[in-house]
Number of protein chains: 2
Amino acid sequence: MNENRPIRATSGTNHEGTSAHNRRVIIDALRLNGALSRADLARATRLTKQTVSNIMEELENDGLVTSRETVRRGRGQPSTPYGLVPEGAFAIGLQIDRHITRAIAVDLVGNVLIRKEANLPAGGPATGTPVVLQLIEDVRAELRQRVAQAEKRLVGLGAAMPGPFGIEQEDADNPWMMGAWQRFPLLETLSAGTGLNVTLQNDAAACATAERMVGAAHGLDHAVCLYVGYGIGAGLILGGELYSGAHGNAGEIGMALLMAGGRQTQLEHRASLASLYDHLSVDPMAPDIYSLIDARAAADDPDVLAWIERAAVDLRWSVQLIETIFDPQTVILCGGAPPALATRLIAAMQPLLPSNADRPDRLLPRLQLGMTDPWAVARGAAAEPIGHAFDPRFQAILKS
Amino acid sequence: MNENRPIRATSGTNHEGTSAHNRRVIIDALRLNGALSRADLARATRLTKQTVSNIMEELENDGLVTSRETVRRGRGQPSTPYGLVPEGAFAIGLQIDRHITRAIAVDLVGNVLIRKEANLPAGGPATGTPVVLQLIEDVRAELRQRVAQAEKRLVGLGAAMPGPFGIEQEDADNPWMMGAWQRFPLLETLSAGTGLNVTLQNDAAACATAERMVGAAHGLDHAVCLYVGYGIGAGLILGGELYSGAHGNAGEIGMALLMAGGRQTQLEHRASLASLYDHLSVDPMAPDIYSLIDARAAADDPDVLAWIERAAVDLRWSVQLIETIFDPQTVILCGGAPPALATRLIAAMQPLLPSNADRPDRLLPRLQLGMTDPWAVARGAAAEPIGHAFDPRFQAILKS
DNA sequence: TCTTTTAAGTCAATTGTCTTGACTAATTTG
DNA sequence: CAAATTAGTCAAGACAATTGACTTAAAAGA
C-alpha cells in the first residue's frame with residue numbers, strides 16, 4: 001500500500017449543505033418564475049410547506065425576499081406571494097477588452113445600476129491595471145453612495161476578458177497586448193486590489209451567463225451562445241451550468257481551423273468584428289465605432305454586406321458544428337455586434353445547414369438573436385458572482 | 001398573474017439526500033483509490049470518523065464492502081482498510097452495432113463475467129429485437145446460474161448503439177437500417193422485455209464511460225474520447241460527468257463538416273472504419289474482420305497505410321477542434337479499431353496541430369490510446385447503470 | 001522495559017434540519 | 001349558510017451528522 005499518495009474523493013455533505021441547497025433552490029425558483037407563494041414554492045421544490053415557511057422567514061430576515069399583495073386564486077385562503085428584493089445583493093462586473101474597459105454594478109435581479117467605461121492605454125497590464133482598479137473603485141464608490149447597505153451586500157466582482165488563458169502564445173496581437181493580459185495574474189491582482197471575491201471568465205462565457213440570467217437562454221439547460229465580438233467564441237451552458245473546461249478555455253471556437261479560399265485558417269480570421277474592421281479598413285480604436293458600424297450596416301453599405309456574406313458562410317458552418325457537437329436546445333448569436341449588423345448576419349445565415357438539430361419535436365428556433373449590447377459581457381460578468389452565491393449547484397452542497 | 005403556467009424549479013433535498021450522497025461519495029472513493037480505512041475515508045470526504053463508521057457499517061451489512069487485513073502505518077492503532085465487494089452489484093451491458101449485437105455482465109468493480117454475441121439479421125428492429133432480447137436473457141440466465149444473489153443485485157441494463165437519436169433522416173444506411181433502430185423505441189422495448197432499469201446512450205458515450213471507469217480517463221473530470229468505430233463520435237466527460245446534450249446526441253462529431261479534396265464532406269466519410277472497409281473493399285459483415293484488419297495493419301499493408309495517412313489528417317484536425325472547444329485534460333482515442341491499427345493511427349497523427357492544449361503546466365499527453373477492444377462499448381454500457389446507482393451526482397441528492 | 005505519543009475507531013449525548021399531523025384562517029361553491 | 005378547498009402555522013417527532021470523551025494498539029523515546 002503506497003502511503004503518501006493523495007486520496008481522491010468527492011466531499012461529503014451534512015445538514016448545513018442540505019439547508020444551503022434548499023435556500024438556493026428557493027431563490028432560484030423566485031428568479032425563474034417571479035413572485036411565488038410559500039405553497040407554490042413547496043410544490044415546485046418538493047419540500048414541505050413547513051420547510052419552505054422556515055426558509056422564507058429566514059430569507060425575509062436576511063432581506064432577500066419580501067411579501068407582495070395577497071392574491072385570490074379560486075377557492076381557499078388567498079396566497080401571499082414573495083419576490084426577490086433587488087437590493088438583497090449586489091455585484092460588480094468588469095469587462096477588459098482590447099482598447100476599452102467597462103464596469104457595472106448590478107443587483108440581485110440583474111438590474112444595471114451603474115455603468116462606467118474607460119479607455120485602456122496601450123501597454124497591457126502594466127499600464128492598464130491602475131485604470132481598471134480605478135474604474136472599479138469609481139463604480140463601487142457610487143454604489144456605496146446610492147445604496148447605504150450596498151457594501152455589505154456586495155457578493156463579488158466578476159471579470160471577463162478575451163481568452164484563452166494560460167497559453168504560451170506568440171504575441172502577434174499588439175498593440176493591445178491581450179496576450180500579456182491573458183498571461184497576467186488578473187484574478188489575484190483584482191482580488192488583492194479590491195478585497196472582493198473575484199471570478200474570471202472569457203467574454204463569450206460571460207455573454208452566455210447574461211443570456212441565461214436575463215436573455216434568450218433564460219430557463220434553458222442546454223444552450224450555446226455564439227459570441228461575435230472583436231474575436232469569436234462560444235459560451236456553453238451545458239446541463240444547466242456554464243461549462244468552462246479544465247482550464248477555463250472551453251468554447252474558444254475562434255481558434256477552430258477551417259478551409260476557406262483553398263487554405264486553412266482560423267474561424268476568428270473570417271467572421272469576427274476584427275475581420276470586419278480589417279475588411280472596412282476602419283480603426284478599431286475609434287471611439288464611435290459601434291454606432292459607425294451600426295449605421296453602415298443599417299444603410300446596407302456594400303462593403304459591410306460583402307463581409308456579411310462571407311462571414312455568414314463560416315458562421316453557418318459554426319452553427320452546424322455547435323449543433324452537431326453539443327446538441328443544444330438552441331444557439332444564440334450574441335456579442336458586441338451592433339443590432340443592424342447582427343440582424344443582417346442572422347438573415348444571411350439562413351437557411352442553416354442541415355444538422356441533428358432538425359428534429360420533429362423542436363420547440364425553439366435553431367438560431368436566435370441574443371443581446372447586441374456592448375454591455376452584455378459586463379452584465380454577464382456581474383451575474384457570475386450572484387449566481388455563484390445563490391444558484392443551486394452541486395459544489396454548494398458539499399462541505400467546504 | 002398567469003395561473004396555469006407550470007412553475008420551474010430545481011428540487012430541494014432532505015436527510016435522505018444527504019445520506020445517499022455520502023454513501024455514494026464513499027463508494028466512489030473506494031472505487032477510485034482502492035481499499036481505504038475509515039479514518040482515510042473521513043479525511044478524504046471531510047466527514048467525521050463517526051459518520052463514516054456508521055455508513056461503513058451499513059455498506060458492510062448491504063454486502064457492498066468488506067474489511068481487508070489490517071495494516072500498520074507508523075505510530076497509532078493499525079487501520080483496517082475496506083474495499084468494494086465485486087459481487088455487491090451487477091449490471092448488463094448491451095451493444096447494438098450494424099451487423100452484430102453484444103451483451104456482457106459486469107460486477108461492481110467492472111470485472112466482465114460473461115460475454116456473448118450474436119449476428120443481427122438484416123431488417124432492423126423488426127427482426128433484430130427478438131435476437132437482442134434472447135441474447136440478454138442468455139447472459140442473465142448464466143449470471144443467475146453462476147452467482148446465486150445476482151438477480152436481486154442486478155442494478156440495470158445499459159444499452160449503447162450508434163447515434164444520433166430522434167432525427168428524421170434519410171435511410172441511406174442500408175442494409176443494417178441503423179436509421180430504423182435510431183427511430184425505434186428501444187429503451188421502452190428493452191424495459192418492457194426485461195423488467196430492468198434501462199439506459200440508452202450512443203456508442204462513443206459508452207466508450208467514454210468505460211474509459212472513465214477502468215481506462216485512461218480514470219479519475220479525470222474533463223476528458224474527451226474520440227471514438228473511431230464503424231462511425232466516428234466523441235464521448236464527453238465534462239466536469240466529472242458524461243454529457244449527452246439536450247437529446248442524447250452530443251458528441252456526434254462524425255457529422256461535422258470539413259473540406260477535403262476540395263469539397264465539403266462529413267468527418268465520418270473520411271476517418272471511420274466504414275471508410276477503411278470501403279477503401280480496402282472488404283465486407284464489413286465478414287465475421288473475422290477485426291483480426292483481419294489487425295493483421296493487415298500489423299503487416300504494414302500499403303492500402304491500410306494509405307488510409308491511415310489520409311485519416312490521420314482529418315483526425316488531427318478533430319483533435320485540435322476538440323481541444324479548442326472542450327479544453328479537456330486529455331483526448332483519448334478509442335473504439336472498435338484493432339490495436340495494430342489504432343497504434344499506427346496515433347503515430348501517424350503526430351505531430352498534433354498547435355492548440356490551446358499546448359500548456360506549460362501539462363501533466364497528461366494531449367492524445368492517448370484508450371481501449372481497443374470490440375467489447376469496450378458493451379463494457380461502458382454496463383458501467384452506466386452501476387455509475388448511476390453508486391456515483392455521487394447532483395441529481396441523486398435531490399428529492400425524487 | 002516502561003512511559004509517552006500518536007492514530008484508529010467506538011460510545012453516548014447533542015445539534016441541526018426536515019417531516020408529520022393536527023390545527024387555524026380565509027375564500028369560493030352550491 | 002354549510003361544505004369544500006387552499007394557505008399557512010404550531011409543536012412534536014424523526015433522521016442523520018456532530019461532538020467530546022473514551023478504548024485500543026502500535027511506535028518512539030527514555
Side-chain angles (χ1 to χ4, degrees), chain A residues 1 3-4 7 10-26 35-61 65 67-82 396-400, chain B residues 1 3-4 7 11-26 35-61 65 67-82 392 396-400:
Chain A
M1 198 138 289
E3 319 198 356
N4 296 325
I7 297 175
T10 310
S11 165
T13 187
N14 58 11
H15 302 133
E16 281 74 27
T18 306
S19 173
H21 173 70
N22 289 342
R23 271 179 71 118
R24 285 165 178 268
V25 160
I26 286 179
L36 293 174
S37 70
R38 299 182 179 203
D40 281 339
L41 283 166
R43 279 185 294 266
T45 61
R46 301 158 167 278
L47 294 166
T48 60
K49 285 185 296 183
Q50 188 55 57
T51 300
V52 171
S53 263
N54 294 340
I55 294 175
M56 292 305 285
E57 196 183 333
E58 241 185 71
L59 291 177
E60 199 169 12
N61 288 337
V65 305
S67 56
R68 306 282 165 82
E69 290 253 301
T70 61
V71 292
R72 291 196 276 246
R73 286 190 293 193
R75 213 175 254 207
Q77 176 173 328
S79 61
T80 313
Y82 288 77
I397 295 172
L398 311 183
K399 298 178 78 170
S400 56
Chain B
M1 200 136 290
E3 320 199 354
N4 296 325
I7 298 175
S11 165
T13 186
N14 58 10
H15 302 131
E16 281 73 29
T18 306
S19 172
H21 172 70
N22 289 342
R23 272 179 70 118
R24 286 165 178 268
V25 159
I26 285 179
L36 292 174
S37 70
R38 299 182 178 202
D40 281 338
L41 283 167
R43 278 185 294 265
T45 60
R46 298 159 168 278
L47 294 166
T48 59
K49 286 185 295 181
Q50 187 57 55
T51 301
V52 171
S53 263
N54 294 340
I55 294 175
M56 291 306 285
E57 196 182 332
E58 241 186 69
L59 291 178
E60 200 169 10
N61 288 338
V65 304
S67 57
R68 306 282 165 84
E69 289 253 301
T70 60
V71 292
R72 290 196 277 244
R73 287 190 293 194
R75 236 176 232 208
Q77 177 172 330
S79 61
T80 312
Y82 287 76
I397 295 173
L398 311 183
K399 298 177 79 170
S400 58

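The chains referred to below are lettered A, B, ... by the order of the sequence lines, with proteins before strands, and numbering in each begins at 1.
Residue A/K49 places no side-chain N or O under 4.0 Å from the OP1 or OP2 atom of C/dA22. Between B/S53 and the phosphate of C/dG9, there is no side-chain N or O to OP1/OP2 separation shorter than 4.0 Å. Residue A/T80 places at least one side-chain N or O closer than 4.0 Å to OP1 or OP2 of D/dG8. The phosphate of C/dT17 has neither OP1 nor OP2 within less than 4.0 Å of any side-chain N or O from B/T18. Of the side-chain N and O atoms in A/R73, none sit less than 4.0 angstrom from OP1 or OP2 of C/dT28.
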Are there any protein N/O atoms within less than 3.5 Å of an N/O atom in nucleotides 10-15 of chain D, and if so, which ones and at what distance?
unit_1: D/dC10; atom_1: N4; unit_2: A/Q50; atom_2: OE1; d: 2.6

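Both A/Y82 and A/N14 sit near DNA chain D, but only A/Y82 has its closest nucleotide nearer the 5' end. Residue A/T48 is the one, among A/T48 and A/P78, whose nearest nucleotide of DNA chain C lies closer to the 5' end (criterion: closest heavy atom). The 5' end of DNA chain D is approached more closely, in terms of each residue's nearest nucleotide, by A/G76 than by the other of B/R75 and A/G76. Nearer to the 5' terminus of DNA chain C, by closest-nucleotide assignment, is the contact made by B/S79 (compared with the other of B/S79 and A/Q77).
Regarding B/L41, its CG atom lies at a distance of 14 Å from the P atom of D/dA17, rounded to whole Å. Here the P atom of nucleotide C/dG9 and the CD atom of B/E60 are 12 Å apart, to the nearest Å. For the pair A/E57 CD and C/dC18 P, the interatomic distance rounds to 13 Å; values are reported in whole Å. Rounded to an integer number of Å, the gap from B/R72 CZ to D/dA25 P is 12 Å. Atom NZ of A/K399 and atom C1' of D/dA16 are 12 Å apart (whole Å). Atom CD1 in B/I26 sits about 14 Å away from atom P in D/dA16, given to the nearest Å. Nucleotide D/dA7 holds its C1' atom 14 Å from the CG atom of A/L36, rounded to whole Å. Here the P atom of nucleotide C/dT17 and the CD1 atom of B/I397 are 16 Å apart, to the nearest Å.
Checked against C/dA7, D/dT6, D/dA17, the side chain of B/T51 finds its nearest nucleotide in D/dA17.
A side-chain donor-acceptor contact under 3.5 Å links A/Q50 and A/N54. No donor-acceptor contact under 3.5 angstrom links the side chains of B/T80 and B/S67, judged on distance only. No hydrogens or angles considered: a donor-acceptor pair under 3.5 Å links the side chains of A/S53 and A/R38.
Proximity of B/R43 to A/I7: side-chain heavy atoms (C-beta onward) are nowhere separated by under 4.5 Å. With a 4.5 Å cut-off on side-chain heavy atoms, B/L398 and A/H21 count as touching.
Within the nucleic acid shown, B/R46 has no heavy atom closer than 4.0 Å to any nucleic acid atom. Residue contacts shown for B/R43 are limited to sugar-phosphate atoms, with no base heavy atom under 4.0 Å away. No contact: A/N54 has no heavy atom under 4.0 Å from any strand.
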Item to check | Test side-chain contact (heavy atoms from CB on, under 4.5 Å) applied to A/S79 and A/V71, step by step | outcome: CA-CA 6 Å; A/S79 61; A/V71 292; 3.4 Å; yes

Next on the checklist: Evaluate B/K399 against A/T45 for side-chain contact (heavy atoms from CB on, under 4.5 Å), listing each step before the verdict.
Outcome noted: CA-CA 9 Å; B/K399 298 177 79 170; A/T45 61; over 6 Å; no

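Of all heavy-atom pairs spanning A/P78 and A/T70, the tightest one is CB-CB, 4.4 Å.
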